A.B. asks: 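Here it is, the structure in full.
Within every chain, numbering begins at 1; the chains are lettered A, B, ... in the order of the sequence lines, protein sequences first and strands thereafter. Both backbone and side-chain heavy atoms feed into the values below; hydrogens, waters and symmetry mates do not. What you see is a predicted model, and the numbers here were worked out from it, not measured in a lab.
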Amino acid sequence: GAVVSQHPSWVICKSGTSVKIECRSLDFQATTMFWYRQFPKQSLMLMATSNEGSKATYEQGVEKDKFLINHASLTLSTLTVTSAHPEDSSFYICSATKDRGQETQYFGPGTRLLVL
Amino acid sequence: GQNIDQPTEMTATEGAIVQINCTYQTSGFNGLFWYQQHAGEAPTFLSYNVLDGLEEKGRFSSFLSRSKGYSYLLLKELQMKDSASYLCAVRGFSGGYNKLIFGAGTRLAVHP
């Protein structure tokens, strides 16, 4: 199998606070993990790619100081939204691949973030 | 540039067949994926094409023509539970790794 979990599944926070989202590969080692953001009725937009033990690669327009990514082990990547604002409210989804060059990305169930 | 086009919405009748088209223009190509996404949930993998031709998997089939930058997803014997968004995604190699570029998705509504 290839199961990816995310925690929490949803979070509500006040503007200005930081929120950490965890992405775990449960039954495989994930060389690469991806973080996406999806606004209502829109498609997934890749935010960054992280490889275990190295710095994340951010897509153009994504602030690396605002969206901190840590990929400390082969089964865990975290995304921290720092000083969250209402416009950061979105559906955050992670995915993982088993090996470099592996075709299929396995997606987590997503985390819905609402910033008040 | 990167551009992936697919229809925004489609409707079909239970038991029928529907074809969802996808055209793409990307700076690199290393495979095309179709994902299904129900509202509020993460995408689930449906199919993968890297060579030209048709890949069949149960009620779902996917076709690819690399020379035309074209793919379609064919759903047969439609069921109500097939009502979902269908995402076309192209995998390209950029910056030392593979990454997926997603289309906006096609929302399919299956009615009785």
Side-chain angles (χ1 to χ4, degrees), chain A residues 1-7 9-10 21 23-24 30-52 54-62 71 90-114, chain B residues 1-10 20 22 24 26-51 55 57 62 64 71 84-109:
Chain A
V3 181
V4 177
S5 71
Q6 278 184 243
H7 178 80
S9 56
W10 59 269
I21 302 170
C23 176
R24 294 181 185 272
T31 308
T32 305
M33 286 185 168
F34 302 85
W35 286 97
Y36 294 85
R37 181 167 52 182
Q38 185 178 34
F39 292 105
K41 296 190 176 182
Q42 296 185 23
S43 192
L44 281 74
M45 297 299 295
L46 179 65
M47 298 176 67
T49 301
S50 74
N51 292 293
E52 184 265 339
S54 61
K55 289 184 178 180
T57 302
Y58 290 81
E59 295 300 301
Q60 193 172 9
V62 178
H71 193 160
S90 187
F91 192 46
Y92 292 86
I93 308 174
C94 73
S95 70
T97 57
K98 292 182 178 181
D99 302 289
R100 284 185 191 269
Q102 168 61 242
E103 294 87 354
T104 304
Q105 290 185 23
Y106 301 94
F107 284 85
T111 297
R112 193 162 299 281
L113 170 63
L114 177 61
Chain B
Q2 319 272 36
N3 193 43
I4 299 178
D5 288 318
Q6 48 182 131
T8 305
E9 293 182 344
M10 298 182 72
I20 303 174
C22 171
Y24 63 89
T26 57
S27 56
F29 181 84
N30 200 9
L32 186 143
F33 294 77
W34 284 95
Y35 284 86
Q36 180 191 61
Q37 186 179 27
H38 284 98
E41 299 179 9
T44 55
F45 170 76
L46 289 179
S47 69
Y48 167 68
N49 296 70
V50 66
L51 300 177
E55 294 283 340
K57 190 185 296 184
S62 57
L64 174 67
S71 173
S85 285
Y86 291 86
L87 308 178
C88 173
V90 173
R91 188 174 74 134
F93 192 79
S94 174
Y97 58 91
N98 291 307
K99 62 179 181 180
L100 288 179
I101 307 298
F102 281 86
T106 298
R107 287 191 297 278
L108 173 66

A.B. asks: Quick one: what part of A:Ile93 sits under 4.5 Å from any heavy atom of chain B, side chain, backbone, both or neither?
C.D. replies: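 A:Ile93 touches chain B through side-chain heavy atoms alone.
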A.B. asks: Only pairs of heavy atoms separated by less than 4.5 Å count here; which of B:Gly105, B:Gly40, B:Ala89 has the most with chain A?
C.D. replies: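 Sorted descending by pairs with chain A, the first entry is B:Gly40.
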A.B. asks: Any idea which heavy atoms bring A:Phe91 and B:Gln37 closest together, and the distance?
C.D. replies: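 Closest pair (atom of A:Phe91, atom of B:Gln37, distance): CE2-NE2, 4.3 Å.
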A.B. asks: Would you say CE of A:Met45 has more than 12 non-hydrogen atoms from neighbouring residues, nucleotides or ligands within 6.0 angstrom?
C.D. replies: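 Not buried by this count: 12 neighbours or fewer within 6.0 Å.
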A.B. asks: With a 4.5 Å cut-off on side-chain heavy atoms, are A:Leu46 and B:Leu100 touching?
C.D. replies: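 No, every pair of side-chain atoms sits at 4.5 Å or beyond.
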A.B. asks: Atom OH of B:Tyr35 and atom OG of A:Ser95: how far apart are they, to the nearest 0.5 Å?
C.D. replies: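 These two atoms lie 7.0 Å from each other.
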A.B. asks: Kindly indicate whether the side chain of A:Thr57, heavy atoms from C-beta on, has any atom under 4.5 Å from the side chain of B:Lys99.
C.D. replies: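 The answer is no; the side chains never approach within 4.5 Å.
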A.B. asks: Heavy-atom cut-off 4.5 Å, strictly under: side chain, backbone, both or neither for A:Gln6 against chain B?
C.D. replies: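 The answer is neither part of A:Gln6.
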A.B. asks: For residues B:Ala42 and A:Gly108, report the shortest heavy-atom separation together with the two atoms involved.
C.D. replies: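 Of all heavy-atom pairs spanning B:Ala42 and A:Gly108, the closest is CB-O, 2.5 Å.
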A.B. asks: Going from OG on B:Ser85 to CD on A:Gln42, what distance comes out if it is rounded to the nearest 0.5 angstrom?
C.D. replies: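 Output value for this atom pair is 12.0 Å.
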A.B. asks: Kindly indicate, with the supporting measurements, whether the criterion side chain to side chain contact (heavy atoms under 4.5 Å, CB included) is fulfilled by A:Gln105 and B:Arg91.
C.D. replies: CA-CA 10 Å; A:Gln105 290 185 23; B:Arg91 188 174 74 134; 5.9 Å; no
A.B. asks: Quick one: are the ring centres of B:Phe45 and A:Phe107 less than 6.0 Å apart?
C.D. replies: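 Centroid distance B:Phe45-A:Phe107: not below 6.0 Å, so no.
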A.B. asks: State which residues pass salt bridge (Lys or Arg N to Asp or Glu O under 4.0 Å) with A:Arg37; sequence neighbours excluded, sorted by chain then number.
C.D. replies: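 For A:Arg37, no residue satisfies salt bridge (Lys or Arg N to Asp or Glu O under 4.0 Å) once neighbours in sequence are set aside.
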A.B. asks: When only pairs under 4.5 Å are counted, which of A:Gly110, A:Pro109, A:Ser9 shares the most heavy-atom pairs with chain B?
C.D. replies: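 Between A:Gly110, A:Pro109, A:Ser9, the count favours A:Pro109.
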A.B. asks: What do you reckon, is NE2 of A:His7 surrounded by more than 12 foreign heavy atoms closer than 6.0 Å?
C.D. replies: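 Counting neighbours around NE2 of A:His7, 12 or fewer heavy atoms of other residues, nucleotides or ligands fall under 6.0 Å, so no.
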A.B. asks: Got a sec, which residues hit ring-ring contact (aromatic ring centres under 6.0 Å, His included) with A:Tyr92, two or more places apart in sequence or on another chain?
C.D. replies: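 ring-ring contact (aromatic ring centres under 6.0 Å, His included) list for A:Tyr92, sorted by chain: empty.
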